[in-house]
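Written below as structure tokens is the structure these notes are about.
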There are 2 protein chains.
Amino acid sequence: MILFVNDSNAVDLADKLRDQGLQVTAQRIAVMEALAGNPHATAEDITETVRNKLGSISRQAVYDTLGVFVEKNLLRRIQPAGSVARYEDRVGDNHHHLVCRGCDLMYDIDCAVGATPCLTADDDHGFLIDEAEVVHWGLCPACQT
Amino acid sequence: MILFVNDSNAVDLADKLRDQGLQVTAQRIAVMEALAGNPHATAEDITETVRNKLGSISRQAVYDTLGVFVEKNLLRRIQPAGSVARYEDRVGDNHHHLVCRGCDLMYDIDCAVGATPCLTADDDHGFLIDEAEVVHWGLCPACQT
DNA sequence: ACAGATTCTGGACTAGGTCAAGAACTTGGC
DNA sequence: GCCAAGTTCTTGACCTAGTCCAGAATCTGT
């Protein structure tokens with residue numbers, strides 16, 4: 001399949017994949033691009049966006065691709081309670097999320113308490129902790145009425 | 001159906017339900033008791049425990065009961081990413097959780113940073129925030145090997 | 001004890017995601 | 001440029017947690 005060789009953004013993404021030892025395919029580029037334009041997209045959102053661009057992609061390819069990207073730390077998978085899994089391409093900064101209980105609207109937020117907030121638990125029970133995930137729950141302006 | 005009227009614990013629970021304007025049924029008491037002995041139980045765990053005690057209960061009754069209890073704030077529902085929903089009867093203290101990525105083992109932990117940790121977001125986007133949920137992810141001692 | 005409200009049962013259904021096997025594609029070495 | 005080997009994509013079946021529905025059973029205040 002022909003890649004979009006004149007699309008400089010796609011070329012950047014291709015390098016990013018090769019850096020991780022991943023093969024470069026049109027599907028993978030398209031998945032990455034779908035997320036660039038829509039942080040917090042669901043697997044279904046991404047599938048639809050990619051189909052609009054490439055014509056078709058299988059559900060399995062989307063899940064495989066997302067899985068590999070998450071594993072390679074190119075994407076972060078988040079899944080607030082009661083919601084389906086969502087993906088975002090903002091990785092490596094341990095930012096947190098603000099989620100509306102009414103409509104699932106979601107914003108990124110930086111942590112309130114310094115750089116690595118709450119990262120040290122009071123009693124770690126011998127665990128090797130690698131992440132402290134913070135979700136702020138509330139109602140967005142529209143859902144408050 | 002006969003309640004366990006000689007079980008003082010069940011009587012306490014019955015009062016708790018009445019306080020919330022809920023009808024008292026053997027099923028509800030049993031669900032509550034199942035959670036007392038097993039925090040972070042799944043709906044399936046609870047169903048099994050209740051069946052051992054009462055003989056039988058429908059899946060729907062379990063979900064209904066859990067839903068009502070959560071709504072009345074008698075239980076808290078938690079659902080770490082990638083896990084099924086779990087329920088706990090420790091409510092009202094905004095404690096957090098420590099979850100093993102390997103085996104889903106889960107501990108309660110108190111917050112490291114004061115009483116209402118991270119409860120103020122940097123930028124709340126106009127949201128009415130009512131909870132800051134913190135999940136510490138890591139590997140338990142057994143899964144580190 | 002009764003009527004009305006609430007709850008329970010059983011069974012069908014849904015959504016999000018996974019599994020498996022074979023076809024198609026990408027890549028590095030010639 | 002071409003080929004073999006390894007990786008990725010497609011198709012289609014399957015699984016699980018949870019929800020919906022309607023009718024039967026149970027609980028509560030009077």
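Proteins come first, then strands; the chains are lettered A, B, ... in the order of their sequence lines, and each starts at number 1. We use all heavy atoms of the structure for the numbers below, so side chains are in, but hydrogens, waters and symmetry mates are not.
Between R28(A) atom CZ and dA24(C) atom C1' the separation is 14 Å, expressed in whole Å. In this structure, the OH atom of Y63(B) is 17 Å from the C1' atom of dC21(D), given to the nearest Å. Distance, Q23(B) CD to dA5(C) P: 12 Å, rounded to whole Å. If you measure from atom CZ of R18(A) to atom C1' of dT27(C), you get 10 Å, rounded to the nearest angstrom. Residue L22(B) contributes atom CG, which lies 11 Å from atom C1' of dT7(C) at whole-angstrom precision. In this structure, the CG atom of L54(B) is 11 Å from the P atom of dC8(C), given to the nearest Å. As a whole-Å value, the separation of I57(A) CD1 from dT8(D) P is 13 Å. Separating the CG atom of D19(A) from the P atom of dT27(C) is a distance of 13 Å, rounded to the nearest angstrom.
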task = Could you please spell out the steps behind the salt bridge (Lys or Arg N to Asp or Glu O under 4.0 Å) verdict for K16(B) and D19(B)?
result = CA-CA 5 Å; K16(B) 227 170 171 175; D19(B) 288 348; over 6 Å; no
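Within 3.5 Å, a donor on the side chain of R59(B) pairs with an acceptor on the base of dG18(D), or the reverse. Put simply, the side chain of Q60(B) and the base of dC20(D) share a donor and an acceptor less than 3.5 Å apart.
T25(B) has a side-chain polar atom (N or O) that falls below the 4.0 Å cut-off from OP1 or OP2 of dC8(C).
Side-chain proximity of V24(A) to dC9(D), dT27(C), dC8(C): nearest is dT27(C). Residue V84(B) places its side chain closer to dG18(D) than to any other of dT8(D), dG18(D), dT9(C). Of the candidates dC21(D), dC9(D), dT6(C), the closest approach to any side-chain atom of Q27(A) belongs to dC9(D).
A donor-acceptor distance shorter than 3.5 angstrom exists from the side chain of R28(B) to the backbone of Q23(B), with no hydrogens or angles considered. Although no hydrogens or angles enter the test, the distance criterion places a donor-acceptor pair under 3.5 Å between the side chain of Q144(B) and the main chain of L139(B).
When the nearest nucleotides of DNA chain C are assigned to R77(A) and D64(B) by heavy-atom distance, the more 5′-ward of the two goes with D64(B).
The shortest distance between side-chain heavy atoms of V24(A) and I29(A) falls below 4.5 Å.
Using a cutoff of 4.0 Å between basic side-chain nitrogens and carboxylate oxygens, R76(B) and E131(B) are scored as salt-bridged.
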